[in-house]
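Note sheet for the following structure.
Residue numbers run from 1 in the order of the sequence given.
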Amino acid sequence: MAHEEVILLDFWPSMYGMRVRVALAEKGIKYEYKEQNLADKSPILLEMNPIFKKIPVLIHNGKPICESLNVVQYIDEVWKDKVTFLPSDLYEKYQALFWADYVEKVFDSGRKLWMEKGGEQQTRKDNYIDSLRMLEGILGDKPYFGGGKIGFLDIAFIGICSWFYTYEKFGEFSTEIEAPKIIAWVKMCMKMESVSKSVAEPLKVYDFALQIRKHYGLE
Ligand code: GS8
């Protein structure tokens, strides 16, 4: 393609945004990053994602693509000449898409650990760890979910590493003890600049979580 204009509407602690950042970095695509204030949404975000009004949004030559997994798949299909994220084998491809959808369950149970008050924190913790272990089982003894290299499911899931510290603090557990293979996988992924430069700093994320809790009167 001759002229490419690529813009990403994003918000730094977002695991969904991190998916797109890693995908763009893996493909070596230059883009303009536009940090969004989700408390006061910009005209461009409202115009580009009028349905959900959420980040991330990729704007490719003026046209928006919404929903992070959709965006990662779009990137994979448009910039085909570089590395590929989804396997060509159709069964393998749809397995990766299935588990990438499942990641939402892990994100959601993780969010409950720091965003919910009252009720049983132990149950929330058990739910989160169970969902994490489910993916640990899928990883098995492979270095990456994609096998010998980072793939679609790796990209869908890796942003969680920025949130581990927050989950551990609120859930009072160690991810290393509960899901050691997941930690080994994070370490492998972090060796790549496409990942290490795209994910948010865990302590900054924890600080952000504390601020949000204060804002919602949870502290
Ligand atoms: C989720 C994006 C999302 O929740 C995707 O892209 O995969 N299914 C979507 N984005 C959040 C920020 S990260 O938690 C967002 O933009 N929220 C703004 C709002 O809800 O108003």
Side-chain angles (χ1 to χ4, degrees), residues 1-86 93-94 96-108 110-111 114-115 150-163 166 189 192-201 204-205 207-209 211-212 215-216:
M1 263 175 248
H3 176 71
E4 298 274 10
E5 187 198 47
V6 183
I7 299 171
L8 174 63
L9 308 183
D10 201 348
F11 177 52
W12 69 271
S14 169
M15 293 183 279
Y16 305 102
M18 289 179 219
R19 289 172 167 172
V20 181
R21 279 174 248 162
V22 173
L24 290 167
E26 271 290 300
K27 295 269 185 177
I29 300 161
K30 287 202 173 50
Y31 65 99
E32 186 185 344
Y33 181 95
K34 287 195 174 166
E35 180 73 5
Q36 299 297 299
N37 175 0
L38 298 179
D40 181 16
K41 291 178 183 166
S42 66
I44 189 172
L45 177 58
L46 298 175
E47 184 193 337
M48 293 293 157
N49 190 356
I51 308 296
F52 294 125
K53 305 173 179 67
K54 290 185 179 190
I55 60 87
V57 179
L58 188 82
I59 310 171
H60 184 204
N61 295 331
K63 293 191 216 149
I65 301 99
C66 300
E67 284 296 307
S68 57
L69 291 179
N70 210 26
V71 176
V72 174
Q73 202 170 347
Y74 177 84
I75 292 169
D76 202 25
E77 289 183 20
V78 171
W79 288 275
K80 261 194 172 16
D81 49 324
K82 313 265 170 69
V83 289
T84 54
F85 306 148
L86 277 163
K93 172 177 172 176
Y94 283 90
L97 289 168
F98 172 85
W99 288 109
D101 256 346
Y102 176 89
V103 166
E104 186 58 34
K105 196 173 156 72
V106 190
F107 286 180
D108 194 53
R111 193 179 300 121
W114 68 274
M115 270 295 273
I150 186 170
F152 193 78
L153 182 51
D154 297 274
I155 294 171
F157 194 37
I158 191 60
I160 198 155
C161 69
S162 296
W163 284 84
T166 300
C189 292
M192 288 175 292
E193 270 197 6
S194 57
V195 173
S196 63
K197 290 195 168 166
S198 302
V199 295
E201 217 271 294
K204 261 184 77 184
V205 168
D207 240 35
F208 166 75
Q211 281 175 35
I212 296 287
H215 180 81
Y216 286 104

Determine whether [X] and [Y] make a side-chain contact, defined as any pair of heavy atoms from C-beta on separated by less than 4.5 Å.
| X | Y | result |
| --- | --- | --- |
| Leu38 | Lys54 | no |
| Phe208 | Trp163 | yes |
| Tyr16 | Val71 | no |
| Ser162 | Met15 | no |
| Ile160 | Val106 | yes |
| Met18 | Ile158 | no |
| Ile59 | Ile44 | yes |
| Asn49 | Pro64 | no |

Asp108/Arg111 ion pair, N-O < 4.0 Å: yes
For [X] and [Y], which heavy atoms make the closest approach, and how far apart are they?
| X | Y | value |
| --- | --- | --- |
| Cys189 | Val195 | O-CB, 3.3 Å |
| Leu9 | Leu45 | CD1-CA, 3.8 Å |
| Pro56 | Leu8 | CB-CD1, 4.1 Å |
| Pro50 | Lys53 | O-NZ, 3.0 Å |
| Glu26 | Met192 | OE2-SD, 4.1 Å |
| Arg19 | Ala156 | NE-O, 2.7 Å |

No-hydrogen, no-angle side-chain donor-acceptor test under 3.5 Å, Tyr74 and Glu67: no
Worked verdict on Tyr31 versus Leu58 for side-chain contact (heavy atoms from CB on, under 4.5 Å): CA-CA 10 Å; Tyr31 65 99; Leu58 188 82; 5.9 Å; no
Aromatic plane relationship, Trp79 with His60 - under 30° parallel, 30 to 60° tilted, over 60° perpendicular: tilted
Plane angle bin for Tyr102 and Trp99 - parallel if under 30°, tilted between 30 and 60°, otherwise perpendicular: perpendicular
Evaluate whether atom [atom1] of [X] has more than 12 neighbouring non-hydrogen atoms of other residues, nucleotides or ligands under 6.0 angstrom away.
| X | atom1 | answer |
| --- | --- | --- |
| Tyr94 | OH | no |
| Leu46 | CG | yes |
| Lys27 | NZ | yes |

Out of curiosity, [X] [atom1] to [Y] [atom2], how far, rounded to the nearest 0.5 Å?
| X | Y | atom1 | atom2 | result |
| --- | --- | --- | --- | --- |
| Met48 | Ile55 | CE | CD1 | 15.5 Å |
| Lys82 | Ile29 | NZ | CD1 | 6.0 Å |
| Leu97 | Leu86 | CG | CG | 5.0 Å |
| Asp76 | Gln73 | CG | CD | 7.5 Å |
| Ile155 | Ile75 | CD1 | CD1 | 8.5 Å |
| Tyr33 | Leu24 | OH | CG | 11.5 Å |

Side-chain donor or acceptor of Asp101 paired with backbone N/O of Phe98 under 3.5 Å: no
Donor-acceptor under 3.5 Å (Glu35 side chain, Trp12 main chain): yes
Stacked cation flag Lys93 on Phe152, 6.0 angstrom / 45 deg: no
Those residues that, when tested against Lys197, pass salt bridge (Lys or Arg N to Asp or Glu O under 4.0 Å) (two or more places apart): Glu193
Trace of the side-chain contact (heavy atoms from CB on, under 4.5 Å) decision for Lys30 with Val6: CA-CA 7 Å; Lys30 287 202 173 50; Val6 183; over 6 Å; no
